[in-house]
2 protein chains.
Amino acid sequence: MTKWVKRMVTIKEVAKHAGVSVATVSRALNKNGYVSDEARKKVEAAIRELEYYPNEVARSLFQKTSKMIGLLLPDISNPYFPLLMKGIEESARENGYSVILGNVEEGSELGEDYMTLFAQQNVAGVLSAVEGTLSHGSSMPIVMLDRVLEEDDFAVYTNDVKGGKLAAQAVLDRDPGNVLIIAGPKSVPGAIDRLIGILSVLNPSDVTYQIYETTSYTIEEAEETARNIFIKYKKIDSVIASNDLFALAVMKEAQQKGLRIPDDIQVIGYDDIPFSQLIYPGLTTISQPAFKLGYQAADLLVSRIRKNKIEEKRIKLDPKLVIRDSLREKMESEDG
Amino acid sequence: MTKWVKRMVTIKEVAKHAGVSVATVSRALNKNGYVSDEARKKVEAAIRELEYYPNEVARSLFQKTSKMIGLLLPDISNPYFPLLMKGIEESARENGYSVILGNVEEGSELGEDYMTLFAQQNVAGVLSAVEGTLSHGSSMPIVMLDRVLEEDDFAVYTNDVKGGKLAAQAVLDRDPGNVLIIAGPKSVPGAIDRLIGILSVLNPSDVTYQIYETTSYTIEEAEETARNIFIKYKKIDSVIASNDLFALAVMKEAQQKGLRIPDDIQVIGYDDIPFSQLIYPGLTTISQPAFKLGYQAADLLVSRIRKNKIEEKRIKLDPKLVIRDSLREKMESEDG
DNA sequence: TTTACGTCTGTAACCGATTACACATTTTAT
DNA sequence: ATAAAATGTGTAATCGGTTACAGACGTAAA
């Protein structure tokens, strides 16, 4: 049995097979200019018989744009990203776009390289969750993911201040005692907003709290942090973590020390990564709509690409409190 | 301040600026034919001054191939994939390739669509972890990821039989009692191999075991399974789970029932997803080298694309046992 | 009947690169 | 000294599409 290598059929062959010119085939394909019913039918038949699919590269060359969007993420292995990516991929696909992946360690200059690469590939637009993404002076539309650079950027993000408030209020309602706030890196705008939200709730109250600041979101630092806080602070009754990873690490360390959760120490996380419901006790956390965020961001980008009318250039999504078992029972509210 | 839209510089402009023909620029760029030192210098200067980057689309059109590889994954949100993707992305980038993402629900026909799309984009090759990926009759090189289709496929995968043996031996060494095997969907070849490995160790011994078969790898089914097994089976002393997700779910359910791990019930997982070290007690599991797998697969694909000599068309990576705290203490070996 | 417009089609230019080919010049071999 | 080979360069064809343009119809308006 001979192994045939299928060559892609070209528009020229379709034209010949249908007995018309390439221009007519192209017009029929794109429903552009005038095409008679007769010609259209012949073309459609030829396309079907030859199994013709237009070469997107040739198209892209002429159009100076393509059906691809670039995606720039800082560290894919972050457990929060899979859902985000799924949302992006799904929305992009539904709109006829595919996604080129770019992974960049935060702070590296790879971001610029990728922007150049995207430009070389004629991508139609870029989704970026990377801090230093410059618009490369180019005409590529960009939509920021959960990070906002400048005032006039297009962006889809979650209301981190509100998320911080939600988390703080949840512990405030539940016999807080001494509160430890594990704050994310201050280089990450979202982390700052969360802290602002937390403090805006805690400050007016009379709880005592302390802040432990971290420098990254890696698992290693999460474990180290968990070890440190139990050494550094005498008595912690509540922990508000900057994300679920840190919350999990703290819970593990506490359990290893024989502390009961939530009785001896209660913990609240942030993100609601899928695992948070699979551990014991279930982690109470602030849910970020990762899938939705990705989906909407891709949608917004496509709207920009198509120059559709855009109602709002920045979409703010609301996080919400997901109650599981890592917080204590709610105290009776004093004000009814 | 006027907002300038930077247009991409073309080879023609570089040629004019350098005072040579486009052919010479192209030759200098690709270090192909003869180019005098003088011409080369002029070209390099022009490139630098104009900030020229070749249009990859135009290149791709002529070459009938591109600097992109397609990646087909069944359900990105699987926690095992982020590391895999990171490996792929890194290796691809080092080799000058970028990655187009394709997410496909297992069993859907989207896989075929994506293969067509990849062909339309002139991708240089495809990495696929999807069962039904046909080679589309086309000339695109394919490397399978952790799934093997036919005898003559190129593939990078882990030795699942060995992984199964490792897991089974680990519990066999630790006062197994009644063993429950949670087997993955039999539609997944890897799951079958793991089961084969497990049974090859358990059968010659005198432990009693039962098999619970699952149909997917979703979190929902993991939770449901965890609930079911404690109803269906009277006394379980050891659980060998098909992956960490299921192991986690079982551990949670057990802990909720007041069972102590590993004293009352011991659990071993599979995959070693990053969370397994963040839960309490730490999950003993079989580590799959996800990053390495992705990295090597991309490497193998690039070798195929470049028609390099390939020593082995299928690379088998060894899983290894990662001991944490979810298994009991090892018994004294009888033949020590 | 002439003019105008709408419909339909094909030829050829174009997008931005690569490379076959022709030609010129230099170097090497005989 | 002369042939042969190596070096250097530009023109034009090519990849596979899209579309401006021109020409050929048919029909409606004047």
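- Among residues two or more places apart in sequence or in another chain, the side-chain contact (heavy atoms from CB on, under 4.5 Å) test is passed with A:Pro185 by A:Ser187, A:Val188, A:Thr214, A:Tyr217.
- In this structure, A:Thr24 reaches the sugar-phosphate backbone alone: every heavy-atom distance under 4.0 Å involves primed, P, OP1 or OP2 atoms, never a base.
- Checked against ring-ring contact (aromatic ring centres under 6.0 Å, His included), A:Phe81 has no partners two or more places apart in sequence or in another chain.
- Chain B approaches DNA chain D over the interval D:dA6 to D:dG16, counting the first and last nucleotide 5' to 3' with an atom under 4.0 Å from its heavy atoms.
- Scored by the salt bridge (Lys or Arg N to Asp or Glu O under 4.0 Å) test, B:Glu90 finds no partners at all (sequence neighbours excluded).
- For A:Asn30, the side chain to side chain donor-acceptor pair (under 3.5 Å) criterion is met by A:Ser26, A:Arg59, not counting sequence neighbours.
- Residues passing the salt bridge (Lys or Arg N to Asp or Glu O under 4.0 Å) test with A:Lys292: none are found, sequence neighbours excluded.
- Relative to the axis of its first five pairs, the axis of the last five pairs of the helix from C:dT1-D:dA30 to C:dT30-D:dA1 sits at 50°, rounded to 10 degrees.
- Atom CG of B:Asn30 is separated from atom C1' of C:dT19 by 10 Å (rounded to the nearest Å).
- Checked by atom type and distance alone, the side chain of B:Asn122 never pairs as donor or acceptor with a backbone atom of B:Leu61 at under 3.5 Å.
- Judged as a salt bridge (Lys or Arg N to Asp or Glu O under 4.0 Å), and not counting sequence neighbours, the contacts of A:Lys86 are B:Asp75.
- B:Thr10 and B:Asn55 share no donor-acceptor pair across their side chains, judged by distance under 3.5 Å alone.
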Side-chain donor-acceptor pairs under 3.5 Å in residues 301-308 of chain A, sequence neighbours left out?
unit_1: A:Ser303; atom_1: OG; unit_2: A:Asp299; atom_2: O; d: 3.1
unit_1: A:Arg304; atom_1: NH1; unit_2: A:Ile142; atom_2: O; d: 2.8
unit_1: A:Arg306; atom_1: NH2; unit_2: A:Asn95; atom_2: O; d: 3.0

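- For DNA chain C, the residues of residues 57-68 of chain B within the heavy-atom distance limit of 4.0 Å (strictly under) are B:Ala58, B:Arg59, B:Leu61, B:Phe62, B:Gln63, sorted by number.
- Listed by residue number, the members of residues 10-22 of chain A with any heavy atom below 4.0 angstrom from DNA chain D are A:Thr10, A:Ile11.
- For the contact set between residues 31-50 of chain A and DNA chain D, defined by any heavy atom under 4.0 Å, the members are A:Asn32.
- Here the shortest heavy-atom pairing between B:Met68 and A:Gln121 reads CG-NE2, 3.7 Å.
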